[in-house]
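In what follows, a single structure is set out as C-alpha cells and then discussed.
Bear in mind that the values here come from a model prediction, so they are computed numbers and not experimental data. Counting starts at 1 for both ligands and their atoms, in listed order. Atom set for the values below is all heavy atoms of this structure, side chains included, hydrogens, waters and symmetry mates excluded.
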Amino acid sequence: MIECWNNRGFLYVVATPIGNLGDMSERAVEILRQVDCIAAEDTRHSAPLLHYFKITTPIVAYHEHNERIMTPILVERIIAGESIALISDAGTPLISDPGFHLVHAARERNIPVSPIPGASAIICALSVCGLPCDRFAFEGFLPAKETARRGHLESLREEKRTLIFYESPYRLQETLIDLATIFGGDRRAVLARELTKIHETFLYDTLDKLAHQVIMDSNQRRGESVLIVAGAPEIEAKEKAEVLAKKIFEVLQKELPASQAVALTAQITGVRKNFLYSQFIAE
Ligand code: SAM
C-alpha cells in the first residue's frame with residue numbers, strides 16, 4: 001500500500017530501464033500501478049513500457065516545455081491527497097532529465113518525496129569503466145556550440161576527479177577530438193555505448209585512440225553513449241605548483257632574504273620548504 005503522511009499524497013521519483021526491460025524493479029511497477037497519476041516526460045514514449053507492465057494509471061505530460069506550468073498543478077493535487085509518480089523517457093528522472101522544478105517545489109511545500117531507484121546511465125557506465133570511481137564529477141551534456149564546448153572543457157582540464165559526460169551520436173566525434181586536443185591525447189577514457197542493450201559496447205583506450213576509432217568506424221557513433229575520462233594526473237598538478245613556486249621565489253628573492261622568500265613561497269604554493277631549498281638555494 002502507498003504510505004500517507006498528514007493526509008497528503010506522496011511524490012515518487014521512479015527510475016525506468018535505460019534499454020533492458022528486465023531492469024524495471026518490482027517496486028517501480030507496483031508504485032506506478034498504485035499512484036493516482038503518472039507524470040511522464042513523453043507520454044507516447046512511455047506508453048509501451050506502461051503497456052508491457054500492464055500499468056493502466058492515468059498519465060500526464062511533464063516535460064521541459066511545460067514543467068513551470070505543470071509544477072503548481074501537480075503540487076496542489078498532491079496536497080489534496082493524490083500520489084504522483086514522476087518518470088522520464090529512460091533512467092532516473094532529473095539526471096539530465098526534467099523533474100527538478102517539481103521535486104524542488106514539493107520539498108518547499110514539505111511534501112514527502114520518495115525515490116524508487118533503478119538504472120541511470122552514469123552509474124551503470126561508471127561501475128564498469130575501470131577508472132577511479134571513489135570521486136567523480138558528472139558534467140551532463142556539453143554545450144552544443146563549439147566555442148562554448150571548448151571553453152567548458154578548458155575549465156575542466158585540471159579536474160582531478162573522473163569526469164562523466166552524456167553525449168549524442170551526432171556530436172560524439174567532435175567531442176572526442178576536442179577532449180583529446182584539450183586534455184591531451186594520452187588521457188585514459190572509456191566510451192560506453194548502448195548500455196544494457198544488445199549492442200552494448202565499451203571502448204577503453206587513450207583519448208587519441210578513442211577519437212581515431214570513432215572517426216574510422218561509424219558504428220561506434222551509433223546509439224546512446226556515455227563518455228568517461230580519467231581526471232588530470234596528480235603529478236601534473238605537483239609539477240605546476242613547482243613551476244609556479246619557482247616564479248614566485250624569483251620575484252620574492254629580489255626583495256627579501258632567501259630564507260624568507262622560501263618560507264613565503266612555500267606558504268603561497270604549498271610546495272615543501274625542503275624542496276624549495278634544494279632547488280633554489282643549495283647549489
Ligand atoms: N535520466 C537518464 C539517466 O538516468 O541516465 C539520462 C537521460 S539523458 C536525456 C540521455 C543520455 O543518457 C543519452 O544521450 C546518453 O548519453 C545517456 N544514456 C541513456 N541511456 C543510455 C544507454 N543505454 N547507454 C549509454 N548511454 C545512455
Side-chain angles (χ1 to χ4, degrees), residues 11-25 27-28 31-32 38-46 48-49 52 61-67 85-104 113-131 133 136-144 149 152-153 156 162-176 178-179 189-204 210 213-214 217-229:
L11 172 62
Y12 293 95
V13 177
V14 181
T16 56
I18 56 168
N20 191 322
L21 288 183
D23 295 333
M24 184 81 168
S25 77
R27 200 161 157 247
I31 291 288
L32 292 178
I38 297 171
E41 180 181 3
D42 181 339
T43 52
R44 272 183 307 177
H45 180 98
S46 293
L49 176 89
Y52 182 86
Y62 183 87
H63 46 68
E64 59 175 335
H65 304 296
N66 76 353
E67 60 185 337
L86 175 71
I87 59 172
S88 60
D89 286 354
T92 301
L94 279 83
I95 307 301
S96 296
D97 267 343
F100 168 72
H101 292 289
L102 182 57
V103 172
H104 178 71
V113 186
S114 192
I116 308 297
S120 187
I122 328 168
I123 302 299
C124 288
L126 191 64
S127 66
V128 294
C129 73
L131 295 175
C133 41
F136 59 89
F138 173 55
E139 284 293 321
F141 289 97
L142 283 163
R149 184 174 66 234
H152 189 68
L153 289 178
L156 292 172
T162 296
L163 291 162
I164 306 170
F165 303 95
Y166 280 168
E167 197 45 285
S168 90
Y170 313 105
R171 285 199 295 266
L172 186 59
Q173 186 172 317
E174 284 68 31
T175 295
L176 275 167
D178 284 349
L179 278 165
V190 177
L191 174 63
R193 237 173 21 86
E194 295 290 83
L195 290 159
T196 78
K197 302 183 199 175
I198 296 170
H199 296 294
E200 181 180 84
T201 316
F202 299 95
L203 297 180
Y204 174 87
L210 280 190
Q213 287 184 73
V214 165
D217 180 1
S218 62
N219 284 330
Q220 300 301 340
R221 275 172 258 155
R222 292 212 175 137
E224 299 190 283
S225 56
V226 180
L227 256 174
I228 308 192
V229 184

Full working for side chain to side chain contact (heavy atoms under 4.5 Å, CB included) between Tyr12 and Leu32: CA-CA 9 Å; Tyr12 293 95; Leu32 292 178; over 6 Å; no
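- Pairing each heavy atom of Arg27 with each of Pro117, the nearest pair is NH1-CD, 3.9 Å.
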Need the list: ligand 1 N/O atoms against protein N/O atoms, distance under 3.5 Å, rounded to one decimal.
residue  : atom   : partner : partner atom : Å
ligand 1 : 1 (N)  : Ala90   : O            : 3.3
ligand 1 : 1 (N)  : Thr92   : O            : 2.9
ligand 1 : 1 (N)  : Ile95   : O            : 2.8
ligand 1 : 1 (N)  : Asp97   : OD2          : 2.8
ligand 1 : 4 (O)  : Thr92   : N            : 2.9
ligand 1 : 4 (O)  : Ser120  : OG           : 2.7
ligand 1 : 5 (O)  : Ser120  : OG           : 3.4
ligand 1 : 5 (O)  : Ala121  : N            : 2.8
ligand 1 : 5 (O)  : Tyr166  : OH           : 2.7
ligand 1 : 16 (O) : Glu167  : N            : 3.3
ligand 1 : 16 (O) : Ser225  : O            : 2.7
ligand 1 : 20 (N) : Glu224  : OE1          : 3.3
ligand 1 : 23 (N) : Ile18   : O            : 3.0
ligand 1 : 23 (N) : Leu195  : N            : 3.4
ligand 1 : 23 (N) : Leu195  : O            : 3.0
ligand 1 : 24 (N) : Leu195  : N            : 2.9

Pair Glu224-Lys197, salt bridge (Lys or Arg N to Asp or Glu O under 4.0 Å): steps then yes or no: CA-CA 10 Å; Glu224 299 190 283; Lys197 302 183 199 175; 3.1 Å; yes
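- Minimum interatomic distance between Pro169 and Arg221 (heavy atoms only, all atoms of both residues): CB-O, 3.0 Å.
- By the side chain to side chain donor-acceptor pair (under 3.5 Å) test, Glu139 pairs with His152, sequence neighbours left out.
- Of the residues Val190, Leu163, Leu142, Leu191, the one that meets the side chain to side chain contact (heavy atoms under 4.5 Å, CB included) test with Leu227 is Leu191.
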